[in-house]
Amino acid sequence: MNAIELLKADHEKVRGLLSQLTDTTKRAEKTRVDLLEKIRLELDVHTQIEEEIFYPAFKEAVGESDDEAMVFEALEEHRAAGELVLPDLLATDVTSDRFSGRAKVLKELVEHHAKEEETEMFKTARKVLSREELDELGTRMEARKKELLQMDSDQIELLKKQKGQVGSEQSPPRASLQ
């Protein structure tokens with residue numbers, strides 16, 4: 001599977017999970033908890049493979065061009081979802097009215113991010129990266145995804161902190177994306 005196909009499949013999976021979550025009611029406490037944990041894991045793993053593998057390759061391929069700005073916007077969207085909205089949602093009582101509102105905000109943010117990547121970044125990636133490069137990236141991303149899915153949430157959080165992906169205002173910029 002090439003990199004773009006893999007990322008699009010991730011987008012579809014998370015969109016589906018978020019739709020299921022936003023369709024639940026307060027009475028679906030266990031369902032909400034289960035869906036939220038699946039969403040957290042999927043977003044963490046997806047973000048990690050994009051930031052470790054896909055974005056650096058994309059950034060290198062586009063060089064210092066206007067297209068480079070797509071990477072920085074995507075990183076900010078990851079930060080907004082992963083450091084602001086998702087933690088608030090995880091800390092919210094799943095039977096509260098606030099939970100529904102926060103779940104909808106996360107869904108809208110993720111849908112916006114996925115749509116921009118699919119209509120802008122991936123279109124450019126197909127132009128600047130060969131089919132072979134996209135296949136190789138996909139193979140690396142798939143292998144890394146399998147590794148990450150073997151980890152528990154604490155290990156993934158530690159990994160994000162080590163790479164400067166949590167608290168990005170305080171952490172030094174990631175060298176691979178400077």
To the nearest 0.5 Å, atom OG1 of Thr47 lies from atom CZ of Arg79 at 13.0 Å
For Thr22 versus Lys107, what's the shortest heavy-atom pair and its separation? OG1-CD, 3.6 Å
Please report the C-alpha distance between Leu106 and Leu21 in whole Å, then the side-chain angles of each, then the deciding distance to 0.1 Å, and finally whether the side chain to side chain contact (heavy atoms under 4.5 Å, CB included) criterion is met. CA-CA 10 Å; Leu106 180 62; Leu21 183 66; 5.8 Å; no
Run Arg131 and Asp135 through salt bridge (charged side-chain N to carboxylate O under 4.0 Å, His left out) and show every step you take. CA-CA 6 Å; Arg131 181 179 301 269; Asp135 288 343; 5.9 Å; no
Output, in order, the C-alpha distance, side-chain angles, deciding distance and verdict of side chain to side chain contact (heavy atoms under 4.5 Å, CB included) for Glu136 and Glu132. CA-CA 6 Å; Glu136 189 271 332; Glu132 292 78 22; over 6 Å; no
Can you measure from CD (Glu111) to NZ (Lys104) and round to the nearest 0.5 angstrom? 10.0 Å
Without hydrogens or angle criteria, can the side chains of Arg144 and Thr139 be said to hold a donor-acceptor pair below 3.5 Å? no
Side chain to side chain contact (heavy atoms under 4.5 Å, CB included) between Ser96 and Lys26: does it pass, once the steps are laid out? CA-CA 7 Å; Ser96 72; Lys26 293 183 211 182; over 6 Å; no
Distance (rounded to the nearest 0.5 Å) between Lys127 NZ and Asp67 CG: 8.5 Å
Among Lys123, Arg15, Arg126, which residue meets the salt bridge (Lys or Arg N to Asp or Glu O under 4.0 Å) test with Glu118? Arg15
Heavy atoms of Thr24 and Ala28 approach each other most closely as CB-CB, 4.0 Å
Can you see which heavy atom on Ala103 is nearest to which on Leu89, and at what distance? N-CD1, 3.6 Å
Rounded to the nearest 0.5 Å, how far apart are CD1 of Ile53 and CG of Leu137? 8.0 Å
Are Phe99 and Val110 connected into the same hydrophobic cluster when the rule is that any two of I, L, V, M, F, W, Y join if their side-chain heavy atoms are below 4.5 Å apart? yes
Is the closest side-chain heavy-atom distance between Tyr55 and Met70 below 4.5 Å? no
Pairwise side-chain contact, Ile49 with Leu7, heavy-atom cut-off 4.5 Å (strictly under): yes
Side-chain heavy atoms nearer than 4.5 Å, only ILVMFWY residues, links allowed to pass through others: does that put Leu86 and Leu148 together? no
Is it the case that over 12 heavy atoms from other parts of the model lie below 6.0 angstrom from the CD atom of Glu147? yes
Relative to each other, are the rings of Phe54 and Phe122 parallel, tilted or perpendicular (30° and 60° limits)? perpendicular
Same apolar cluster: Val14 and Leu6, side chain cutoff 4.5 Å: no
Does the side chain of His46 come within less than 4.5 Å of Glu50's, by heavy atoms? yes
With the side chain counted from C-beta on, respond yes when Met121 and Val71 share a heavy-atom pair under 4.5 Å apart, and no when they do not. yes
Residue Lys145 excluded, over 12 heavy atoms near NZ under 6.0 Å: yes
Atom pair CD (Glu76) and NE2 (His78), whose distance is rounded to the nearest 0.5 Å: 11.0 Å
Below 4.0 angstrom, N of the basic side chain to O of the carboxylate: do Glu5 and Lys8 qualify? no
Minimum heavy-atom distance between Ala61 and Leu129, given as atom pair plus value: CB-CD2, 3.6 Å
Decide side-chain hydrogen bond (donor to acceptor under 3.5 Å, both in side chains) for Thr92 and Arg102; before the verdict, give the C-alpha distance in whole Å, the side-chain angles of both, and the deciding distance to 0.1 Å. CA-CA 9 Å; Thr92 303; Arg102 289 177 178 168; 2.6 Å; yes
Do NZ/NE/NH1/NH2 and the carboxylate oxygens of Asp34 and Lys30 come within less than 4.0 Å? yes
If you compare all heavy atoms of Glu64 against all heavy atoms of Glu68, which two are closest, and at what distance to 0.1 Å? CA-OE1, 3.9 Å
Determine whether the side chains of Glu108 and His112 contain a donor N or O and an acceptor N or O closer than 3.5 Å. no
Ser130 and Glu133 side chains, donor-acceptor separation under 3.5 Å: yes
Looking at Arg98 and Asp88, is there a salt bridge between them, counting it only when a charged N and a carboxylate O are closer than 4.0 Å? no
Would Val45 end up clustered with Leu75 when hydrophobic side chains under 4.5 Å apart are linked, directly or stepwise? yes
Residue pair Glu42, Leu17: steps toward the side chain to side chain contact (heavy atoms under 4.5 Å, CB included) verdict: CA-CA 10 Å; Glu42 290 295 328; Leu17 291 169; 4.0 Å; yes
Can you label the angle between the His11 ring and the His113 ring as parallel, tilted or perpendicular, going by 30° and 60°? perpendicular
Minimum side-chain heavy-atom gap Thr124-Phe58 below 4.5 Å: yes
What about Leu41 and Val94, same hydrophobic cluster or not, with Ile/Leu/Val/Met/Phe/Trp/Tyr joined at side-chain heavy-atom distances under 4.5 Å? no
Side chain to side chain, Pro87 and Arg40, heavy atoms closer than 4.5 Å: no
Looking at CE of Met151 and CG of Asp44, how far apart are the two atoms once the value is rounded to the nearest 0.5 Å? 11.0 Å
